[in-house]
Amino acid sequence: MGHVDVTLPDGGTQQLGAGLSLSDLVRQIDADLDGRVVAARLDGEGVDLSTVPPAGAKVELVLMDSREGLSILRHSTAHLMAAAVQELYPEAKFAIGPPVEDGFYYDIDLPRPVSVEDLPVIEERMRVLQAQRLPYVRVEMPVDEALGLMKARGQTYKVEILETIRRHGTSRPDAVEELGGEAEAGGVVSFYQTHSFLDLCRGPHVPDTSFLRTFKLTHIAGAYWRGNERNPMLTRLYGTAFPTQEALERHLYRLEEAKRRDHRRVGRELDLFSIEEEIGPGLVLWHPKGALIREIIETFWRREHRRRGYQLVYTPHVARAHLWDVSGHLSWYQENMFSGMEIEGQEYLVKPMNCPFHILIYRSHTRSYRDLPFRLGELGTVYRYERSGVLHGLLRVRGFTQDDAHIFCRPEQLESEVADALELALAMLRAFGFPEHHLVLSVSDPNQMAKYAGSEEEWRRAESALERVLEKSGIAFDRVKGEAAFYGPKIDVSLVDVLGRWWQCGTIQVDFNMPDRFDLGYIGEDGRSHRPLMVHRALLGSLERFFGILIEHHGGAFPLWLAPVQVAILPVAERHEPYAQHVAERLDAAGVRVQIDDRNEKVGYRIRQAEVTKVPYIVVVGDREVEAHLVSVRERGRHERGAMPLETLLDELREMVHPPGTGSAL
RNA sequence: GCCGGCGUAGCUCAGUGGUAGAGCAGCUGAUUCGUAAUCAGCAGGUCGGGAGUUCAACUCUCCCCGCCGGCUCCA
């Protein structure tokens, strides 16, 4: 018997007896790895462990707890779930069942509706199957044969997928370019057999069900076939799987943590905002404490913008239909606009965006090149019709205030304007406690230049200006082709919150369309009229949404400068109230937001109240403090710091109660 | 919008066809208290809205409103 030499990722080689599989290789390398390796990569291609490697192959083992291994584990679990569903519902038709961020799902066309009560039944069936140590057997066959097989089994969705594959050589024709062509039309496809469930699937999979450790079916949702609402609605069964019980428990804990921080819950508990059915969905009431935080955010925002040469404006909430016709909103945005109202025979529409108003301010005078860059900022409230199913607390609403600005500049000023806007965006986010960001550059699709406003030359210059800004920033960014709006390329800024979630907030967009539509101009050094460039930008996005994110990030325990009540003062008994009043006045004079809690309750009760409402500082004053002119300080989160002179506390608070700086101002 | 679930007091939730309940919050009183809930009493609900079935509906049916989880992260 001969043997083959395989190369391992560490550069070493292993000899493997001819005809032996990768499973044998794993056992040969280290018996401890057996069961922890779920699949392998052969020369970069994912394969099952049952594969027999050819001589000279480069082998990488995929461990269960790696990102890739976890996906395979979940994907295999999705097949197990499908096998269980097929047993319980023989007429079920299967669509797709991929692994996702937190687990996996399978979209299934079921003969009757199922609810969460059915999940334990399916899960139980899965456990029975799992215990049988069923193998995942790979079967390859020509596309035509596969089509015949799936047609015979009535698996209409699989038939559709196979027809796409036959036509395009891949299941996703739009991705052909990225994948570099993939298989030739009329090629071979693979199936995986688990118990009686045979599924069209590229793989790889774990060798058998004993590799699956701990899984849980989580919820059910509807999902359109191929995400298109003209297609039939399928039942999507969600589940998750992990290599260990502890990992599953960590995941469940994280979900609970997210629930604890949910801004809808915290917003109610801390009395920050509400959304009332009588007013309408997606329309927000800012209660006094929430409004106070918003006011602090807005004041900070205005200060930072003035420092950087923005001029702040106010504009109306409605405008004549004609304006929206000129701006083009009526033709490409009308379905998102609140319907119009008629006044004196004229139709008026509620604004979904602020740009036309800012443009008219620009156009209200003849502008000279000396006026540029001309930066207009506004906390502008807009209304947009969002479909009822997508509304979500403060994060997706119908009425919201954008921290909007429009910059009119000369082409040669574009790069520095975008750089300044990006710098401001990042500085603002850092100030609110978000040090980590993600940047995405969206550029045109060179194959579809016809659909874009502006010339190819303008696009090329703008895109390279944005790209240079990003490169100089030193922050990693993704460049996505074809994601630009028809009117110009853009940079999107996402923040990363304490739970590691990404939230897109900021956006900086070049616009080649509006200046043309409104025929904007400026007089250049040559005395002739030129078209200015226009940049739309928002940093926080919308105040409503940003507030929601901020609540969840801090779990309601806002940093000192944002806390609606910064210091709670608790007199131990009635006779200490005059002293409490004195302390409050001193703090108030230093710009600290204080509240005396002199309710007829024990100190412990009031401390609990202050802790529960996330007040950052608690000051207790009783006989000892009155006598020695001290304050007893306690910080949010159970730190009792003992008595200190009022001056000491004042010194500590004086700086921190105010908004932070944002570094380099212009 | 669509699929599934939910809607009882300000909040969290019991109540499976026969006179609407609890805890917290609120109000009143007592207590004057030292670092995460003092005690007692009172008040609070067209059971999301409307129609129907029934001797009788929070409970069963239908319509509407709202909320929650989702609606292509490559077969």
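Lettering follows sequence order; numbering is per chain, from 1. Worth knowing before you read on, the calculation uses all heavy atoms, side chains too, and leaves out hydrogens, waters and symmetry mates.
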Whether His554(A) and Phe558(A) hold their rings parallel, tilted or perpendicular, with breakpoints at 30° and 60°: tilted

Closest nucleotide among rA75(B), rG1(B), rG34(B) to the Glu229(A) side chain: rG1(B)

Rounded interatomic separation in angstrom, taking CD1 from Ile220(A) and P from rC68(B): 20 Å

Sugar-phosphate only, base, or nothing, as touched by Gly604(A) at under 4.0 Å among non-hydrogen atoms: sugar-phosphate

Close aromatic pair by centroid cut-off 6.0 Å: His251(A) and Phe242(A): yes

Reference residue Phe94(A); test ring-ring contact (aromatic ring centres under 6.0 Å, His included); the match among Trp225(A), Tyr105(A), Phe197(A): Phe197(A)

Distance, rounded to the nearest Å, where Arg230(A) contributes CZ and rU72(B) contributes P: 14 Å

Residue Met233(A), side-chain heavy atoms: nucleotide from rA37(B), rC3(B), rG26(B) that is nearest: rC3(B)

Euclidean distance, atom CD1 of residue Ile275(A) to atom P of rG66(B) [Å, nearest integer]: 13 Å

Min side-chain heavy-atom separation Arg261(A)-Leu499(A) under 4.5 Å: yes

Distance, rounded to the nearest Å, where Ile279(A) contributes CD1 and rG48(B) contributes P: 21 Å

Sugar-phosphate, base or nothing in reach of Glu625(A), heavy atoms under 4.0 Å: base

Touch class at under 4.0 angstrom, heavy-atom based, for Tyr605(A) against every strand present: sugar-phosphate

Gap in Å between the two C1' atoms, one belonging to rG45(B) and one to rA51(B), rounded: 22 Å

Asp623(A), nearest nucleotide to its side chain (from rG26(B), rG34(B), rC74(B)): rG34(B)

Touch class at under 4.0 angstrom, heavy-atom based, for Gln609(A) against every strand present: nothing

Minimum-distance nucleotide to Glu101(A) side chain [options: rC33(B), rC68(B), rC73(B)]: rC73(B)

Heavy-atom donor-acceptor pair, Tyr224(A) side-chain to rG70(B) base, under 3.5 Å: no

Plane angle bin for Tyr192(A) and His79(A) - parallel if under 30°, tilted between 30 and 60°, otherwise perpendicular: perpendicular

Atom pair distance, as rounded to whole Å: CG in Leu234(A) and C1' in rG4(B): 13 Å

Protein-nucleotide distance (Lys259(A), atom NZ; rG69(B), atom P), rounded to Å: 10 Å

Nucleotide rC33(B), atom C1' - distance to CD1 of Ile607(A) in whole Å: 12 Å

Sugar-phosphate only, base, or nothing, as touched by Arg236(A) at under 4.0 Å among non-hydrogen atoms: sugar-phosphate

Sugar-phosphate, base or nothing in reach of Ser190(A), heavy atoms under 4.0 Å: nothing

Phosphate contact (rC71(B) OP1 or OP2) by Arg387(A) side-chain N/O below 4.0 Å: no

Any residue meeting salt bridge (Lys or Arg N to Asp or Glu O under 4.0 Å) with Arg125(A), in chain and number order, not counting sequence neighbours: Glu87(A)

Atom-to-atom span, CG of Leu391(A) to C1' of rG70(B) - whole angstrom: 14 Å

Sugar-phosphate, base or nothing in reach of Arg264(A), heavy atoms under 4.0 Å: sugar-phosphate

Touch class at under 4.0 angstrom, heavy-atom based, for Arg624(A) against every strand present: base

Ring centre gap for His287(A) and Phe273(A) strictly below 6.0 Å: no

Under 4.0 Å protein heavy-atom contact, by nucleotide of nucleotides 5-10 of chain B - B base, S sugar-phosphate only: ------

Nucleotide-level pairing of RNA chain B, given in dot-bracket where Watson-Crick and G-U pairs need both distances under 3.5 Å and | marks other strands: (((((((..((((....[..)))).(((((.......))))).....(((((..]....))))))))))))....

Nucleotide nearest Pro281(A) when distance is taken to its side chain, options rC71(B), rU35(B), rG66(B): rG66(B)

